[in-house]
Amino acid sequence: MFIWEGVSEFVAVAEVESFTQAAKRLGISTAQVSRQVSALEGRLSTKLFYRTTRKVSVTEAGQIYYQHCRQVLDGLEEAERTITNLQLAPKGKLKLTAPITFGEKTIAPLVNDFVLLYPDLEVQMNLTNQKLDLVAEGYDLAVRLGKLEDSSMMAKRLSSRTQYVCASPNYLSTYGVPHSLSELEQHNCLQGNLDYWRFQEQGKARNVRVKGNIRCDSGWALLDAALKGIGIVQLPDYYVQPALDAGQLIPLLELYQEPDDGIWAIYPHNRHLSPKVRMLLDFLSESIRGC
């Protein structure tokens, strides 16, 4: 069996060329360092250092032994770092909530990827468009879209989203292309939960009331209606971007498009941010920006 006694002391002396400085580095007495090195030399039957009253230098045999010992100690340090990192890996329960559509399309797949990396996690994910009380219901974090209102929460911006007003080529060829906000009243505007759409005009936010023959709280249903030429729609990019890229929908009123708003992760202000939550936040941020 290999005897480790004296190895750390020998390496420290070899690196600083001083028994006194090696003792300070190791936090032990100079006498102890000297005893351990002497015992090591006795076991090896080899002189490892030349000692004078003013200088310590490594012998040729000591140089060879040092190279091997340094590799072994580096390996041990790397092994310790690996074990420490394993202990810091996310584990335990993680509870989060996100809006239904964006959660299904983007957040849930990314959380699943995160669980693949850290299988000791136990995730509870609630996809809902309701604004839940994170503190009362014990959530670690929530993903929110748009403008934030709750100042009692800490927030990290994960990314941004763009709202598009668009319609199918078939609709536009039949009913014409609106070039101003006032022209929207002449068109069939497919509505969600709100009876107005958001724009920016001359640098100021402006809400324009719209009306149409379909009102639905599902963005996918409104997208389907727009693709079928029923009317004009205003929806975020994660609904309409593929159709815009394919030419199935045409963007409208781009001069009045409001600035991109945020995709946020929020968490309670007074709650300690655990490593697992912090790592998930970083993972979501990097992944969403790369989508």
Side-chain angles (χ1 to χ4, degrees), residues 97-109 127-132 142-150 155 157-264 288-289 291:
T97 180
I100 295 174
T101 300
F102 189 72
E104 289 176 338
K105 184 177 185 298
T106 302
I107 298 300
L127 301 183
T128 176
N129 293 331
Q130 296 179 353
K131 298 294 179 66
L132 303 177
V143 175
R144 298 275 168 85
L145 307 176
K147 297 176 176 63
L148 296 180
E149 300 174 357
D150 192 352
R157 190 181 183 111
L158 301 176
S159 188
S160 60
R161 65 173 185 173
T162 303
Q163 294 278 359
Y164 285 100
V165 174
C166 48
S168 71
N170 182 50
Y171 176 89
L172 296 174
S173 65
T174 302
Y175 299 100
V177 178
H179 296 286
S180 66
L181 299 183
S182 61
E183 292 179 56
L184 284 175
E185 65 181 19
Q186 304 168 18
H187 287 270
N188 191 36
C189 296
L190 310 172
Q191 296 173 255
N193 291 322
L194 304 175
D195 60 359
Y196 63 86
W197 288 351
R198 301 197 307 268
F199 296 96
Q200 180 172 278
E201 187 174 26
Q202 296 180 347
K204 295 181 179 180
R206 180 180 172 186
N207 294 335
V208 176
R209 291 194 175 275
V210 294
K211 59 183 180 180
N213 64 353
I214 289 181
R215 184 164 190 162
C216 183
D217 62 359
S218 167
W220 296 119
L222 297 177
L223 172 62
D224 181 71
L227 288 170
K228 291 176 178 176
I230 296 175
I232 300 176
V233 73
Q234 185 181 60
L235 285 171
D237 47 14
Y238 48 84
Y239 284 104
V240 300
Q241 195 64 60
L244 291 171
D245 293 340
Q248 296 172 294
L249 292 175
I250 306 299
L252 306 170
L253 302 170
E254 293 178 279
L255 291 176
Y256 303 96
Q257 185 170 290
E258 69 172 352
D260 291 355
D261 54 20
I263 298 172
W264 306 89
I288 290 175
R289 288 196 178 103
C291 289

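Applying the salt bridge (charged side-chain N to carboxylate O under 4.0 Å, His left out) test to residues at least two apart or on different chains, the pairs with a partner in residues 184-197 are D195-R209. Judged as a salt bridge (charged side-chain N to carboxylate O under 4.0 Å, His left out), the pairs with a partner in residues 219-236 (not counting sequence neighbours) are, in order, D224-K228. Listed by first and then second residue, the salt bridge (charged side-chain N to carboxylate O under 4.0 Å, His left out) pairs that reach into residues 164-173 come to none, sequence neighbours excluded. Applying the salt bridge (charged side-chain N to carboxylate O under 4.0 Å, His left out) test to every pair with at least one member in residues 175-184, sequence neighbours left out, gives no pairs at all.
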Could you go through residues 245-256 and list every donor-acceptor pair under 3.5 Å that involves a side-chain atom there, pairing it with any protein atom two or more places apart or in another chain?
unit_1	atom_1	unit_2	atom_2	d
D245	OD1	Q241	NE2	3.0

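Annotation for V165 and W197: closest pair CG1-CZ3, 4.0 Å, computed over non-hydrogen atoms. Nearest heavy atom pair, residue S160 against residue I263, reads O-CD1, 3.6 Å. Considering every non-hydrogen atom in both R161 and R198, the closest pair reads NH2-NH2, 4.2 Å. The shortest heavy-atom contact between R144 and L132 is NH2-O, 3.3 Å. The two residues S168 and A226 have their closest heavy-atom pair at CB-O, 3.4 Å. When every heavy atom of L244 is checked against every heavy atom of C166, the shortest pair comes out as CD2-CB, 4.1 Å.
Using a 4.5 Å cut-off on side-chain heavy atoms (C-beta onward), Q257 and Q163 make no contact. Proximity of L222 to I214: side-chain heavy atoms (C-beta onward) are separated by under 4.5 Å at one or more points. Annotation: side chain of L190 is not in contact with side chain of L223 (no heavy-atom distance under 4.5 Å). For the pair I232/Y175, no side-chain contact is recorded, criterion being any heavy-atom separation below 4.5 Å from C-beta on. Within the 4.5 Å cutoff, side-chain heavy atoms of R157 are placed close to those of W264.
With D261 contributing its side chain and L145 its backbone, the two residues share no donor-acceptor pair below 3.5 Å. A side-chain donor-acceptor contact under 3.5 Å links Y171 to the backbone of N188.
More than 12 heavy atoms of other residues, nucleotides or ligands sit less than 6.0 Å from atom CD of Q186. The environment of Y238 atom OH is dense: over 12 non-hydrogen atoms of other residues, nucleotides or ligands sit within 6.0 angstrom.
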Run D237 and D260 through side-chain contact (heavy atoms from CB on, under 4.5 Å) and show every step you take.
CA-CA 10 Å; D237 47 14; D260 291 355; over 6 Å; no

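Note that CG of N213 and NZ of K211 are 12.0 Å apart. Values are rounded to the nearest 0.5 Å. Atom CG of N129 is separated from atom CD1 of I100 by 4.0 Å, given to the nearest 0.5 angstrom. Interatomic distance, CD of Q234 versus CG of L194, reported as 9.5 Å (0.5 Å rounding).
For Y239, the ring-ring contact (aromatic ring centres under 6.0 Å, His included) criterion is met by W220, not counting sequence neighbours.
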